[in-house]
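Keep in mind the model is a prediction, meaning the values are calculated, not measured.
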Amino acid sequence: MKEILGDIDRWRAAGRRIAIARVVDIEGSGPRLPGATMAVADDGEVAGSVSGGCVEGAVVAEALDILSTGDRRLVTFGYSDDDAFAVGLTCGGTVHLFIEPLDW
Amino acid sequence: MAEQFISSSNRWIGDVVNPSIYELWREAVTANRPVALATVIGGVNPGAKILVGKAMDPVGTLGDPDLDRVVIRDAIGELAGGRSGVRNYGPHGEAREDAVAVFIESFAPPPRMLIFGAVDFTGALVRVAKVLGYSVTVCDAREVFATKRRFPHADEVVVDWPHRLLEREGDQLGERDAICVLTHDHKFDVPAIIAALGTDVGYLGAMGSRRTNDERLRRLEDEGADMDQVRDRLHAPIGLDLGGRTPEETAVAIVAEIIAARTGRIAASLKGTAGPIH
């Protein structure tokens with residue numbers, strides 16, 4: 001999260017609302033460890049990453065939804081036998097993200 | 001009540017009604033002060049946070065004083081080990097229950113790499129170590145070589161005998177840190193290696209040809225070094241056997257060995273091995 005402070009500072013100075021998505025847990029193979037962070041501004045600008053590019057697009061959509069509703073949630077992306085997830089990691093792992101507005 | 005809030009750089013940055021947890025966290029990580037941030041991610045009060053650090057009172061609440069007490073204790077423990085992860089608790093912090101899920105994230109200062117010897121290979125190793133996120137110190141007793149101008153990417157350039165630097169700072173080194181001895185001059189190497197073996201540094205390597213290395217081992221024994229410790233901990237000649245020659249290639253061979261030493265891998269190509277990658 002430290003590496004995206006510059007972008008967050010810039011967005012805050014411009015009065016933009018920000019959602020923060022953090023990897024909190026991974027199962028199996030996964031490119032980024034817990035703590036990997038991505039920030040999304042209310043106009044869709046992005047800083048940082050939470051995977052090798054597999055789920056970032058879906059995270060942006062979740063983050064923008066969270067900015068419009070104001071809630072916070074745990075989101076899981078990964079491989080599933082019943083194809084419940086539209087978005088997965090090509091490496092076959094599962095990643096759990098906590099996404100919330102930067103209102104704290 | 002509003003109060004004037006002064007940042008650590010002593011620049012007035014505005015009137016605020018108490019700094020938020022985010023602002024306190026930001027101040028700490030910017031100043032490289034170790035802190036851990038605990039966030040409720042499941043159960044009541046999702047998003048509630050507590051920030052803990054070494055020389056500060058915990059800030060914030062998860063909504064229950066007993067839960068707060070247990071999470072503060074666990075966050076301090078995770079921070080000491082530099083770990084991040086999810087822990088589950090009962091509503092009042094009970095163990096072996098899962099009403100509340102808390103993500104504890106440690107923000108530890110970057111690991112240190114001490115490079116002894118301001119030689120040809122040093123500049124390349126500084127650059128590669130910076131890519132990996134180390135805070136890099138170059139140390140050499142010869143002030144004409146140990147200059148910030150020669151190593152602009154180093155966080156710190158110290159003119160002193162390496163073993164004296166370790167006498168001052170060695171007790172702060174831990175398993176995440178590394179010492180690379182590049183002087184290949186026995187009068188610097190031998191006391192530096194003996195001093196390094198007295199620290200808890202995670203990686204210790206020393207550069208030199210096979211012949212230099214044999215001679216260095218002899219001198220270490222003559223100087224009374226614990227030769228069991230030398231065999232266990234000293235990586236010499238330094239680096240993986242990648243066959244490179246240039247300073248940059250050598251630097252990659254050194255940091256690759258540091259990673260392999262930490263993970264306990266034998267550093268073969270993945271193509272020739274099986275099993276989980278991480």
Where does [X] contact chain A at under 4.5 Å (heavy atoms): side chain, backbone, both or neither?
X       : answer
P276(B) : neither
Y22(B)  : both
V102(B) : neither

Is it true that the side chains of [X] and [Y] contain a donor and an acceptor less than 3.5 Å apart?
X       : Y       : answer
E257(B) : Y203(B) : yes
T39(B)  : R22(A)  : yes
S84(B)  : E78(B)  : no
D74(B)  : Y89(B)  : yes

Inset, instruction - Working to the nearest 0.5 Å, report the span between CG of D25(A) and CD1 of I41(B). - result: 7.5 Å
Legend entry - Max heavy-atom pair count under 4.5 Å with chain A, selected residue of K49(B), R26(B), R83(B): K49(B)
Legend entry - Residues K148(B), E156(B): salt bridge by 4.0 Å N-O rule: no
Legend entry - Side chains of F103(B) and R87(B) in contact at under 4.5 Å (non-hydrogen atoms): no
Legend entry - Close contacts, residues 6-20 of chain A versus chain B, judged by heavy atoms under 4.5 Å: I8(A), D9(A), R12(A)
Inset, instruction - Return yes when atom CG of D43(A) has more than 12 non-hydrogen atoms of other residues, nucleotides or ligands closer than 6.0 Å, and no otherwise. - result: yes
